[in-house]
Q: 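Mind having a look at this structure? Questions to follow.
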Protein chains: 2
Amino acid sequence: MTTIKDIAKAAGVSVTTVSRALNGYSDVKELTRQKIAAVAKELNYSPNTLARSLVMNKSQTIGLLVSGFTKESVKDNFTVEVLAGVNECASEMNYDLVLFNTNSSMQREKTYTQLCKERRVDGVIIQGIRTDDPYLKEVVDSDIPCVLIDIPVASENVGYVTTDNELGADKAVQHLLELGHRNIGMINGHEYAFVSQKRLKGYKRALEKAGISFNPGYVADGSFKEDEANEATKDLLSRHPEITAIFCASDLMAIGSMKAAHALGRQVPSDLSIIGYDDILLASYVTPALTTVAQNKFQLGFEAAQMLLNLLSKGDQLKQVILQTELKKRGSTAPNK
Amino acid sequence: MTTIKDIAKAAGVSVTTVSRALNGYSDVKELTRQKIAAVAKELNYSPNTLARSLVMNKSQTIGLLVSGFTKESVKDNFTVEVLAGVNECASEMNYDLVLFNTNSSMQREKTYTQLCKERRVDGVIIQGIRTDDPYLKEVVDSDIPCVLIDIPVASENVGYVTTDNELGADKAVQHLLELGHRNIGMINGHEYAFVSQKRLKGYKRALEKAGISFNPGYVADGSFKEDEANEATKDLLSRHPEITAIFCASDLMAIGSMKAAHALGRQVPSDLSIIGYDDILLASYVTPALTTVAQNKFQLGFEAAQMLLNLLSKGDQLKQVILQTELKKRGSTAPNK
DNA sequence: CTGAAAGCGCTAACAG
DNA sequence: CTGTTAGCGCTTTCAG
C-alpha cells in the first residue's frame, strides 16, 4: 500500500510537499504538483484516512444510533427513509456514516458514548430511542455534537429535528370531526415517546376546540405495535361500542386497528373511521387505503444531518427544526352515519 | 481526551504496560493491572480506535456498498432486511459498519475501491449493484476481501451468497402449472441482474418439464420496478390475452402487474393468477395477498457478514452459500377456469 | 513482569 | 515554494 513517503521518494520531494500538493494547497509549484499527481496515480495511491483523522482529530464520520434494524422492526420503513435522508446529506458533504451496533441480541457492554468516543465520530444522530433509554442522557450530556430525531432536547452541542406532532394530531382529529364523528377514540404509542405525548395533546386540543370533553377511557396504548394496537382496539371498542372513529398514533397501529375492526365485524370506513400517522409505505397499499398524517421522513433525516454538519462547522447554530405534516385523505375515513 | 500516556503518568507506569494491561495481556502483574484499570476508569478513558487501527492495520470495520438508500427505493424492504442481517452478525463479532455514499445525487468522483481503501475497511459487502456497474469489477479485482450478495463471483478473497433462484422460479411456475395454467407469462427484471437470468432459466425449466414449449413473446422486462411492470403487463396481456397466469421476478413488479390487471378489468386471481418473488412486506398486505417465493433476506445479510468475517479471520474459506426459498401460497393465485 | 524506543501514515508549524 | 521536525495515540519488538 503506497504512502506519501513512497510518493515523495519517487518524485524526489519531501513528504510535506506531497501532502500539500495532494491536498490542493496553493503554495506548491504547478510543475511539482503535476509531477506528484502523476506519481500518485502511477503508484495507485490512496490516502489513509485513519492516519489523517488521527492527526487532524476529525474523522469525517458521523455515527448513527438507530434502534430500527432488528429483525422484527423492518416493517416500519420509517427508519430506512430517515437513514436515506441522512445518507443523502452526509454524502453531499463528504461524510461517511457508521452504523453503531446498538441492537445486538447480546448484552451490550459499551454505552453509545463509548462507541462514539472510541470511533472518534465527529458527531452523532440518534433516532428511534426511547426517552427512558439510560444511554440517551449520557450521550446528550457528553460533549459529542448530537442531533436527536423526535426528542426535543437542545443544549450547547445538541439539537433536534421533529415534526409538529401536536398540530398533526390536531389535524387528524379535526378531519374526523369534520366528518361528523363525535365519539373519537385514540390508540397512542407509549409514554416513553415524546411524539406520543404531543399527539395526545393534539387529540385533546382538537376535541376541546369542538367542545367535546376529553374522556380518558377513550384512549389506549398500543406501544406502536400492530398487534398490541389490534388488542387495544378490540378492548376499546368492546368497552365503548359508541366510538365511530379512531385516531392511531402510527400507521402500523392503524393497520392493527383495522384488523381489529374487521375481527369485530365493523366495516372500515362505513362503520368505523380510522386515521393513522406517519404515512408509511403500507398505508397506501392496505385496503382500504389508510387516511393518515404524513411526515416527510426523508427530510427529517436530511435536516438532522444538515443540522449536525452545521453544528460541526460552527456555522449557523440552529438547534431546532420543526417540520410540518400533511393530512392525506384516503379510504379509511368516511362521514359518520 | 485521556490517552494511555495520561494513564501511564497517573499510574506511575509506562505506556507499554498500560497498553498491555488494558488489552488483557497475561504478562502484567495483577496488582498493576487493577491499578491501571482504576485509573483508566477514573480518567474516563476511551481508547482511540483510529490510532489502534493505524498501527494494527485493521479497522474492525466492514464497508457496506448498497444502492438501496435513495429516496425512491425505500419501497423495497429488501435492502433493509439484508442490512439488518449484516448488522446482527457484525455486531456479534464486534465489527462496525460503515455505509458508503454510493448513491449521492452528485456525480461520484471516487470509486468504491477508493472509498474502501481510504477508509481502510477490513472487508466489504456489496448488495444491489448491477452486474454492469463498472466499479463492481474493480472491487472484485482489488485485494479487498469482499462478499457479494446475489452476484455469483468467487476468487481468492471474494465470495458470494445468494438463493437458489432457478429452483425458486421453477417452484413458482410449477405452482401455476399445478393450478392448471398453461399460458404463463413472465415479467422479468433486467438483464443486468444475475437473478433475472436465473429466474428466467427456472421459468423455462418448469415449462419444459410440463411439456410446454417456451414462447419468447410471453416474457417481458419490468426493470424490477412497479410502474414498468405495470406497463409491461398491460402490453403483454393485450398482445396475448390468452395468458392466464404471470410469474413476476419480484413482488414489487407483481404489484405493478396486479394494478395492470385491474386496469384491464381482469380480476386477480379469478381471471388472472399472479405470483411474485421475494416476499417483501407489502406482499402480505396488498389485496389480494400476493402468492410469492420467499427468500430470507435477513439470513442473506447475516450469512454474507459471516462469510466475510470468516474470510478475514482466515478461518474456513467457504466462498459460496446458496440459501433455499419457500413458496408462500396466498390469494393472488387460483385454479385456471 | 516492565520500560525504552521505534514506527503506523499523515499534517502542521517553522525555518529557510 | 520546499524541507525538517515533531507529534497525533497506539502497539510492538527488544532489552532488561
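We name chains A, B, ... by the order of the sequence lines, and we start the count at 1 in each one.
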Q: Remember a base hit wins even if backbone is also touched, and classify B:Thr32 as base, sugar-phosphate or nothing at under 4.0 Å, heavy atoms.
A: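 B:Thr32: backbone/sugar contact only, no base atoms under 4.0 Å.
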Q: Using a 4.5 Å cut-off on heavy atoms from C-beta on, say whether the side chain of B:Thr79 contacts that of B:Lys297.
A: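 No - every pair of side-chain heavy atoms lies 4.5 Å or more apart.
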Q: Of the nucleotides C:dA12, C:dC8, C:dT2, which has the atom closest to the A:Met56 side chain?
A: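 The nucleotide sitting nearest to the side chain is C:dA12.
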Q: Quick check on D:dC10: is either OP1 or OP2 less than 4.0 Å from any side-chain nitrogen or oxygen of B:Tyr45?
A: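 So the side chain of B:Tyr45 is within the cut-off, an N or O lying under 4.0 Å from OP1 or OP2 of D:dC10.
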Q: Kindly say whether, by distance alone, the side chain of A:Arg20 makes a donor-acceptor pair under 3.5 Å with the base of D:dG3?
A: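 Flag set: donor-acceptor pair detected.
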Q: Below the 4.0 Å mark, does C:dA4 have OP1 or OP2 next to a side-chain nitrogen or oxygen of B:Ser14?
A: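 So the side-chain polar atoms of B:Ser14 never come under 4.0 Å of the phosphate oxygens OP1 or OP2 of C:dA4.
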Q: Tell me: NZ of A:Lys58 to P of C:dC10, nearest whole Å?
A: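 It is 18 Å, rounded to the nearest whole Å.
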Q: What's the NZ-C1' distance between A:Lys9 and C:dG9, to the nearest Å?
A: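 Distance check: A:Lys9 NZ to C:dG9 C1' gives 14 Å.
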Q: CD1 of A:Ile36 versus C1' of C:dC10: gap in Å, rounded?
A: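 From A:Ile36 CD1 to C:dC10 C1': 15 Å.
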Q: Assuming nearest nucleotide by heavy-atom distance, tell me which of A:Ala51 and B:Glu30 is located more 5' along DNA chain C.
A: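 That would be B:Glu30.
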Q: With sugar-phosphate meaning primed atoms plus P, OP1 and OP2, does A:Thr16 contact a base, only sugar-phosphate, or nothing at under 4.0 Å between heavy atoms?
A: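 Base, at least one base atom sits under 4.0 Å.
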Q: What residues, two or more places apart in sequence or in another chain, satisfy side-chain contact (heavy atoms from CB on, under 4.5 Å) together with B:Asp141?
A: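 Expected list: B:Lys137.
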Q: Counting any heavy atom closer than 4.0 Å, what does B:Asn23 reach on the DNA or RNA strands: base, sugar-phosphate only, or nothing?
A: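 Counting heavy atoms under 4.0 Å across all strands, the contact made by B:Asn23 is with sugar-phosphate only.
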Q: Tell me whether the OP1 or OP2 atom of C:dC10 has a side-chain N or O from A:Ser19 closer than 4.0 Å.
A: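 For C:dC10, neither OP1 nor OP2 has a side-chain N or O of A:Ser19 closer than 4.0 Å.
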Q: Please report the interatomic distance OG(A:Ser53) to CG(A:Asp122), rounded to the nearest 0.5 Å.
A: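 It is 7.5 Å, given to the nearest 0.5 Å.
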Q: Can you find a side chain N or O atom of A:Tyr25 that sits less than 4.0 Å from OP1 or OP2 on C:dA12?
A: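 It does, given that an N or O in the side chain of A:Tyr25 lies less than 4.0 Å from OP1 or OP2 of C:dA12.
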Q: Could you tell me how far apart B:Leu50 (CG) and D:dC10 (P) are, to the nearest whole angstrom?
A: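 In whole Å, D:dC10 P lies 10 Å from B:Leu50 CG.
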Q: Please confirm whether the backbone N or O of B:Ser19 pairs with a side-chain atom of B:Asn23, one donor and one acceptor, at under 3.5 Å?
A: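 Yes: the side chain of B:Asn23 pairs with the backbone of B:Ser19.
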Q: Over how many whole Å does the gap from A:Lys5 atom NZ to D:dT4 atom P extend?
A: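 Going from A:Lys5 (NZ) to D:dT4 (P), I get 13 Å.
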Q: Without decimals, in angstroms, what is the distance between A:Ile4 CD1 and D:dT2 P?
A: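 Rounding to the nearest Å, CD1 of A:Ile4 and P of D:dT2 are 15 Å apart.
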Q: Reading DNA chain D from 5' onward, which residue's closest nucleotide shows up sooner: A:Val15 or A:Lys29?
A: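 Its nucleotide being nearer the 5' end, the pick is A:Lys29.
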Q: May I have the distance from B:Ile7 (atom CD1) to D:dT11 (atom P), rounded to whole angstrom?
A: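 Taking atom P of D:dT11 as the reference, CD1 of B:Ile7 is at 11 Å.
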Q: Kindly say whether A:Val140 contributes a backbone atom to a donor-acceptor pair with the side chain of A:Ser142 at under 3.5 angstrom?
A: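 No, the answer is negative, given that no donor and acceptor are paired below the 3.5 Å cut-off.
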Q: For the pair made of CG in A:Leu54 and P in C:dC10, what is the distance, rounded to whole Å?
A: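 Rounding to the nearest Å, CG of A:Leu54 and P of C:dC10 are 12 Å apart.
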